[in-house]
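Here the structure is laid out as structure tokens; the discussion comes afterwards.
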Amino acid sequence: MKKRKVHLTLTVLIFVAIVTAACGNSSNMGNMDMGSSTSSSPDSSSSDASGNQVSVVASNWKWELSNTTFKVGEQVTFTIQGEEGNHGFFIEGTDIDQQIAAGNTETVTWTPDKAGEYTIRCSVMCGAGHNDMVETLTVME
């Protein structure tokens, strides 16, 4: 019975170590090329010169954004820098879901078409703090 407890404990510890390391270790991406790309929702074709440029940093279990308040109909360009780990920049209620790996930069363009609160979540299981990787955007009329 004691041997079984030790085995179970070791198994759980190894699992936790693997899940925790997944967020902070970009080497699990192998040699996969995740070069720059542009994602956009169908309504992002606006060429509004007054669009917003937003700097985003993705690191272990947090997003850092230079701006979180926008206007309806105004184009927003997110420049996402992967600082640590592998993440997915997902804006709920839109088709924006851009993967980002440590050391890479991705660009996402979005034009919100209605006012409200939008939640950014990480769409790539990145470790123990994955569920805490949440940020809120506000879109005003």
Side-chain angles (χ1 to χ4, degrees), residues 1 3-141:
M1 182 68 166
K3 209 176 203 183
R4 182 184 280 187
K5 271 187 176 179
V6 170
H7 184 263
L8 179 60
T9 302
L10 286 174
T11 302
V12 169
L13 288 174
I14 290 169
F15 175 76
V16 169
I18 290 170
V19 169
T20 302
C23 187
N25 183 359
S26 63
S27 66
N28 64 359
M29 293 297 288
N31 292 326
M32 187 165 45
D33 180 13
M34 295 203 45
S36 293
S37 65
T38 300
S39 295
S40 59
S41 62
D43 63 343
S44 68
S45 59
S46 169
S47 59
D48 183 2
S50 66
N52 294 294
Q53 301 292 320
V54 180
S55 174
V56 180
V57 176
S59 58
N60 285 344
W61 312 303
K62 67 181 175 182
W63 299 109
E64 293 177 36
L65 283 79
S66 62
N67 185 14
T68 59
T69 304
F70 311 103
K71 291 185 179 178
V72 170
E74 201 171 89
Q75 182 173 300
V76 181
T77 301
F78 298 96
T79 301
I80 310 160
Q81 177 186 345
E83 187 173 280
E84 297 176 293
N86 303 307
H87 304 284
F89 182 81
F90 171 61
I91 303 175
E92 289 184 352
T94 73
D95 64 351
I96 303 293
D97 189 359
Q98 177 65 54
Q99 291 192 1
I100 182 74
N104 288 349
T105 300
E106 303 290 340
T107 302
V108 175
T109 302
W110 174 53
T111 303
D113 59 0
K114 63 181 177 179
E117 299 284 315
Y118 292 83
T119 303
I120 298 173
R121 295 195 184 276
C122 181
S123 62
V124 173
M125 178 47 137
C126 61
H130 172 73
N131 289 333
D132 298 326
M133 199 165 175
V134 178
E135 185 65 55
T136 302
L137 303 177
T138 303
V139 177
M140 301 180 300
E141 288 293 329

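Side chains are part of it too, since the values below use all heavy atoms of this structure and drop only hydrogens, waters and symmetry mates.
Closest approach of Ala58 to Ile100, counting heavy atoms only: CB-CG2, 4.1 Å. Of all non-hydrogen atoms in Ala102 and Asn86, the two that sit nearest each other are N-OD1, 4.0 Å. The two residues Glu83 and Val57 make their nearest non-hydrogen contact at OE1-CG1, 3.6 Å. Heavy atoms only, all atoms of each residue included: Val72 and Ala115 are closest at CG2-N, 3.4 Å. When all heavy atoms are compared, the tightest approach of Trp61 to His130 is CD1-N, 3.3 Å. Closest approach of Ser123 to Phe90, counting heavy atoms only: CB-CB, 3.9 Å.
With a 6.0 Å radius and a threshold of 12 heavy atoms from other residues, nucleotides or ligands, Glu117 has its CD atom above the threshold.
Tyr118 pairs by the ring pair (Phe, Tyr, Trp, His ring centres under 6.0 Å) definition with Trp110, not counting sequence neighbours. Every residue two or more places apart in sequence or in another chain that forms a side chain to side chain contact (heavy atoms under 4.5 Å, CB included) with Asn67 is listed here: Asn52, Val54, Thr69, Phe70. Considering only residues two or more places apart in sequence or on other chains, Val124 meets the side chain to side chain contact (heavy atoms under 4.5 Å, CB included) condition with Gln99, Cys122.
The line from OG1 of Thr79 to CD of Glu106 is 10.5 Å long, rounded to the nearest 0.5 Å. In this structure, Thr107 OG1 and Phe78 CZ are separated by 11.5 Å, a value rounded to the nearest 0.5 Å.
Each of Ile96, Val56, Thr94 was checked for a side chain to side chain contact (heavy atoms under 4.5 Å, CB included) with Val108, and the lone residue meeting it is Ile96.
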